[in-house]
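Note sheet for the following structure.
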Amino acid sequence: MDDLVEACSEALYEMEGITGGVSVRTVQADIQVMRSDKLGYNAPIEVYDNKYYRYEDSDYSITESPIIEETYELVAKAIRMIHQKGDASIEDMGDILEQVGERLKILLIYQ
């Protein structure tokens, strides 16, 4: 678990510049979400020797997005609609949704 916390903290710093790191509790909660259907992953994560984590199915990859192209198109349409409104608070939301749209686009590329 310590290795996972360290790896996640390093990735968070490299990707977002966040230096606070993550806690053991956060990593454990994320693993539970990955295992569940909440985000559509149903990751076959198993613990062996009471301390190591791995995918039970060696062919499984979390980067194989459960998001389909139609979902991306709906989010992209929402982004366009919010940008057309011109309201300041909605504009801020548009910036956030645009970032989500970009991340969805990346997920579609790698699936």
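Not measured: the values here are computed from a predicted model.
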- Query: Where is the tightest heavy-atom contact between Gly21 and Leu12, given as atom of each residue plus distance?
  - Reply: O-CD2, 4.2 Å
- Task: Would you please say whether a donor-acceptor pair under 3.5 Å links the side chains of Gln32 and Arg35?
- Result: yes
- Message: Looking at Val5, is its backbone amide N or carbonyl O close enough to the side chain of Ser9 to form a donor-acceptor pair, meaning the two atoms are under 3.5 Å apart?
- Response: yes
- Message: Using only atom types and a distance under 3.5 Å, with no angle test, would you say the side chain of Asp49 pairs donor to acceptor with the backbone of Lys51?
- Response: no
Inter-residue atom distance [X].[atom1] - [Y].[atom2], 0.5 Å rounding:
X     : Y     : atom1 : atom2 : answer
Glu46 : Arg54 : CD    : CZ    : 4.5 Å
Met34 : Tyr53 : CE    : OH    : 11.5 Å
Tyr52 : Asp3  : OH    : CG    : 8.5 Å

- Message: For Tyr13, is the OH atom crowded, meaning more than 12 foreign heavy atoms sit under 6.0 Å from it?
- Response: no
- Message: Go through it in stages, so that I can follow the logic: the residues are Ile31 and Leu4, the test is side-chain contact (heavy atoms from CB on, under 4.5 Å), and I'd like the CA-CA distance, side-chain angles, deciding distance and then a yes or no.
- Response: CA-CA 10 Å; Ile31 290 171; Leu4 278 174; 4.0 Å; yes
- Message: Walk me through whether Ile45 and Glu56 qualify under side-chain contact (heavy atoms from CB on, under 4.5 Å).
- Response: CA-CA 6 Å; Ile45 299 171; Glu56 185 178 335; over 6 Å; no
